[in-house]
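Working notes, beginning with the structure itself.
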Amino acid sequence: MAHEVRGVVAPSVGEPVLVETVVVPDPGAGEVLVRVQACGVCHTDLHYREGAISDDFPFLLGHEAAGVVEAVGDDVAGVAPGDFVVIAWRAPCGTCRSCLKGRPWYCFDSRNAAQKSTLIDGTPLSAALGIGAFVEVTLVAAGQAVPVPRVRPETAGLLGCGVMAGLGAALNTGGVGRGDTVAVFGCGGVGDAAIAGAVMAGARRVIAVDVEERKLAWAREFGATDTVNARETDPVEAIKSLTGGFGVDVAIEAVGRPETMLQAFYARDLAGTLVQVGVPAPTMNVEIPMLEFFGRGGALKPSWYGDCLPTRDFPALIDLYLAGRLDLDRFVSETIALDDVEEAFARMQRGEVLRSVVVF
Ligand SMILES: NC(=O)c1ccc[n+]([C@@H]2O[C@H](COP(=O)([O-])OP(=O)(O)OC[C@H]3O[C@@H](n4cnc5c(N)ncnc54)[C@H](O)[C@@H]3O)[C@@H](O)[C@H]2O)c1
Ligand SMILES: [Zn+2]
Ligand SMILES: [Zn+2]
């Protein structure tokens, strides 16, 4: 029997979100129904509401969630009712050409639930990042529900997107190593996780760049050794002067704008790596002289979900958290109710929070 529950829906481009009754089907083959306990507000949800990701309105928002498996469909192995899970927006299929090459973190055919949730009048909802978790129960593909040790759901859920993306941008995509210098552009939840990842990897200098002093103060708490306010100072010049005139080994862009991508490109040392984890809008372009691209060497690397492997990385990161080696709680600025998501978007835009997390 389908479930009628409350969920946060983006009705059309730029319109405020609404809390609506959502009809969630029972799990079919290969699907899992999760009772959501917490779901963080990520900037990507706002990108959806703004129409910057796709035109497939209405959207069921929310994708940074943890909860407990309520029911499983046929042909589901590895996860059972009662399991505490973090929901992943990429679930490697095991059979696409990338999985078969042994690179499941790039999986080209990641799985989602086959059935769609709907509004009460039957209008199908597009689930943000194939999840849709600002809702009391959500339906996902079995591989998206990743069992982890039981901790506070508002903390665990953040691994489902922003914190994993940032940690992975530094650790997996950027391959930050001991003694490296790193710059992170944008110190929201994603950027601060990249800072924490760079510190964990042994970077000797981690330079945080943002346009809000409050964000720079938080970045220092995550281990940034230096901060640059890009509203007051040219960040490329500042980063060069902090690195003996050379630039950094790894520059991580966690805003999703052309100007910060270019700054990250030019803030690198020779043979340095640019990691692009911020999500651009379809209209954005950058222009780079070919000689600068060639002459500087190194690598320009987009980072999808921090190139993570959820089944490997989620439980491992929770273990680091439990051992006191990764302060995930610091990302949770506030817990809010389902009705407060629109206000949380405004607080995010005003730079007042790292993560607002809906708790159920
Ligand atoms: N690649 C992925 O898998 C992935 C996953 C999650 C989020 N994202 C993306 O990462 C980006 C950051 O997400 P978030 O949730 O941390 O957002 P956020 O809004 O919390 O943080 C963005 C930060 O960028 C800062 N900023 C804005 N303009 C700037 C500028 N010109 N220079 C320096 N800093 C500037 C803001 O002050 C803010 O602190 C978004 O584009 C989001 O969609 C990507
Ligand atoms: Zn695959
Ligand atoms: Zn996200």
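Remember, predicted model here, so these are calculated numbers, not experimental data. Note that ligands are numbered from 1 as they come in the structure, with each ligand's atoms numbered from 1 the same way. One is the number of the first residue; the rest follow in order along the sequence.
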Closer than 4.0 Å to some heavy atom of [X] - which atoms of ligand 1 meet that?
X    : answer
E212 : 37 (O)
S303 : 1 (N), 2 (C), 3 (O)
C161 : 5 (C), 6 (C)

Pair E343 + R350: basic N to acidic O under 4.0 Å: yes

Electrostatic pair D180-R178, nearest N-O below 4.0 angstrom: no

CD-CG distance between Q144 and L139, expressed to the nearest 0.5 angstrom: 9.0 Å

Per atom 27 (C) of ligand 1, closest listed option by heavy atom (V255, V277, T260, T173): V255

Options L354, V353, T44, D210, ranked by nearest heavy atom to atom 39 (O) of ligand 1, top entry: D210

Any N or O of R355 closer than 3.5 Å to N or O of ligand 1: yes

Sub-4.5 Å side-chain heavy-atom contact between R6 and F360: no

D83 side-chain N/O to V85 backbone N/O, donor-acceptor pair under 3.5 Å: no

Under 3.5 Å: donor-acceptor pair, side chain of E31, backbone of A141: no

K215 to ligand 1, any heavy atom closer than 4.0 Å: yes

Count of N, O or S atoms belonging to protein, less than 2.8 Å from the Zn ion (ligand 3): 3

C187 contact mode with ligand 1 (heavy-atom cut-off under 4.0 Å): backbone

I120, CD1 atom: more than 12 neighbouring heavy atoms under 6.0 Å: yes

